[in-house]
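For clarity, every value in this text was computed on a predicted model and none was experimentally measured. Both counts, for ligands and for their atoms, begin at 1 and track the order of listing.
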Amino acid sequence: MDRYFELIDKLKKERTLSAAEWAALIKNRSPKLSEYLFSLAREEQERYYGKDIFLRGLIEFSNYCRNDCLYCGIRRSNKKARRYRLDEDTILSCCREGYGLGFRTFVLQSGEDASFTEDRLANLVRKIRKNFPDCAITLSVGEWKKESYQAFFDAGANRYLLRHETRNDEHYAMLHPPSLRAENRRQCLWNLKEIGYQVGTGFMVGAPYQTPEFLAEDMLFLKELNPQMVGIGPFIPHRDTPFKEQPAGTLSLTLFLLGCIRLMLPKVLLPATTALGTIHPEGRELGILAGANVVMPNLSPKNVRGDYLLYDNKICTGEESAQCRESLERKINAIGYRTVTARGDSLNL
Ligand code: SAH
């Protein structure tokens with residue numbers, strides 16, 4: 001038992017563990033060990049970010065996708081998904097509404113929708129940049145060649161979210177069709193970093209076939225990439241995917257890994273994700289108490305919100321943006337934290 005408390009002390013001191021230590025820690029976690037981890041993670045979080053929780057306004061602008069990831073509800077093969085894409089004016093008016101609500105970061109996320117070409121996306125970014133010069137623009141639009149990432153950056157995008165999904169290539173192949181390559185995705189991340197984006201990566205907790213050893217590889221990859229943001233959330237099955245019978249990732253493992261990531265990369269921006277809020281009514285609050293410091297309320301128009309369904313039972317699909325933001329703020333205040341409207345650039349630069 002003591003050995004694992006010592007491993008957590010070692011993680012705090014050395015900011016990393018070996019693959020074998022990571023796997024042992026993950027296998028042998030217990031409620032007591034978790035409490036200890038979370039108390040250290042909160043200390044680190046406060047040292048750099050105080051009680052501040054950053055808000056990002058999420059605009060899910062298209063659910064068309066050319067890819068066929070086995071876990072994802074908007075995969076190409078899902079003929080039941082009701083497809084939509086927002087036009088530029090609608091996206092800009094989401095930003096305007098968000099700006100009024102205090103958001104200074106817009107996260108534009110979509111499937112890999114071929115109708116959004118490089119030019120079209122770059123133009124969209126340029127318009128947002130021109131209209132909202134004091135805001136950060138985050139893209140989460142999948143894999144592109146380096147020149148395209150550069151074009152989006154030159155148009156005014158600052159940050160990019162692209163989860164590596166799993167560092168283990170065999171595991172990656174169990175979750176994706178053969179056309180998608182783990183190595184490609186990692187190369188995208190290095191390209192994004194090189195261009196100068198603040199980069200976010202991450203993975204699903206409890207993804208099908210995941211093992212503690214695979215998670216150990218994920219932790220080492222996070223250490224190596226040293227991203228500005230890390231997005232992790234539980235895998236949740238979607239009824240119209242091949243993984244519909246697979247169990248969801250757990251609250252306790254997700255919280256444990258959030259705490260570990262906070263100790264390993266103390267200055268990183270770490271969202272308490274919507275998926276975490278979906279598997280447990282207090283998931284996001286518990287995420288903050290385990291070391292998370294970002295929340296991403298939805299700014300998508302109400303009429304399409306129920307269609308951006310990566311997994312079943314997603315929360316906040318029926319709310320107005322303002323309601324979404326207010327209820328989250330209340331919950332955050334109730335646990336002793338405050339939401340801030342600052343751009344919230346990473347200190348991990
Ligand atoms: N197409 C873009 C962004 C949209 S998907 C991209 O490829 O990056 C955003 C993230 O949602 C994915 O990286 C994945 O980790 C997560 N996701 C997809 N399906 C999920 C599911 N069933 N449960 C939980 N998370 C899921």
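Considering both main-chain and side-chain atoms, Glu112 never comes within under 3.5 Å of ligand 1 through any nitrogen or oxygen pair. Backbone and side-chain nitrogen or oxygen atoms of Tyr308 are examined, and none is located within less than 3.5 angstrom of a nitrogen or oxygen of ligand 1. Of the N or O atoms in Tyr311, none lie within a sub-3.5 Å distance of an N or O in ligand 1. Of the polar atoms of Cys72, none of the N or O atoms is found under 3.5 Å from an N or O of ligand 1, judged by distance alone. In terms of polar-atom proximity, defined here as any N/O pair under 3.5 Å, Leu310 does make such a contact with ligand 1.
Under the 4.0 angstrom criterion for non-hydrogen atoms, Ser140 is in contact with ligand 1.
Side chain of Asp113 to main chain of Ser62: no donor-acceptor pair is present (N/O by atom type, distance under 3.5 Å, no hydrogens or angles). Proximity of a side-chain donor or acceptor of Glu112 to a complementary backbone N or O of Glu143 within less than 3.5 Å is detected. Here the side chain of Arg129 pairs no donor or acceptor atom with the backbone of Ala155 at under 3.5 angstrom. Using a distance-only test at 3.5 Å, with no hydrogens or angles considered, no donor-acceptor pair links the side chain of Arg338 to the main chain of Asp52. Here the side chain of Asp68 pairs no donor or acceptor atom with the backbone of Arg75 at under 3.5 angstrom.
When the heavy-atom distances from atom 14 (C) of ligand 1 to His164, Arg75, Glu165, Arg66 are ranked, the shortest goes to Glu165.
In summary, Asp307 and Arg82 engage in a salt bridge, as defined by a charged side-chain N under 4.0 Å from a carboxylate O. Under a 4.0 Å N-O distance rule, the pair Arg47/Glu44 qualifies as a salt bridge.
Tyr99 and Phe132 have tilted rings, their planes meeting at an angle from 30° to 60° on a 0 to 90° scale. Relative orientation of the Phe152 and Tyr149 rings is perpendicular, given thresholds of 30° and 60° on the angle between their planes.
Using a 4.0 Å cut-off between heavy atoms, Gln109 contacts ligand 1 through its side chain alone, with no backbone atom that close. Counting heavy atoms under 4.0 Å from ligand 1, residue Ala275 does not touch it at all. Within the 4.0 Å heavy-atom criterion, neither part of Pro237 lies near ligand 1.
Nearest non-hydrogen protein atom to atom 22 (N) of ligand 1 is Ile236 O, 2.7 Å. Regarding atom 8 (O) of ligand 1, its nearest protein heavy-atom neighbour is Arg185 NH2, 3.1 Å. Annotation: atom 24 (C) of ligand 1 to nearest protein heavy atom, Pro234 O, 3.3 Å. Looking from atom 16 (C) of ligand 1 to the surrounding protein, the closest heavy atom is Arg163 NH1, 3.6 Å. Distance from atom 19 (N) of ligand 1 to its nearest protein heavy atom, with residue and atom name: Tyr71 CD1, 3.3 Å.
With a 6.0 Å cutoff to the six-membered ring centre and a 45° limit on the axis angle, Arg159 does not count as a cation-pi contact of Tyr197.
Checked against the 6.0 Å centroid criterion, the rings of Phe54 and Tyr49 qualify as a close aromatic pair.
Close approach to Met204 involves these atoms of ligand 1, each under 4.0 Å from a residue heavy atom: 15 (O), 17 (N), 20 (C), 21 (C), 23 (N), 24 (C), 25 (N), 26 (C). Those atoms of ligand 1 that come under 4.0 Å of a heavy atom in Ser110, given as number and element, are 1 (N), 2 (C), 3 (C), 4 (C).
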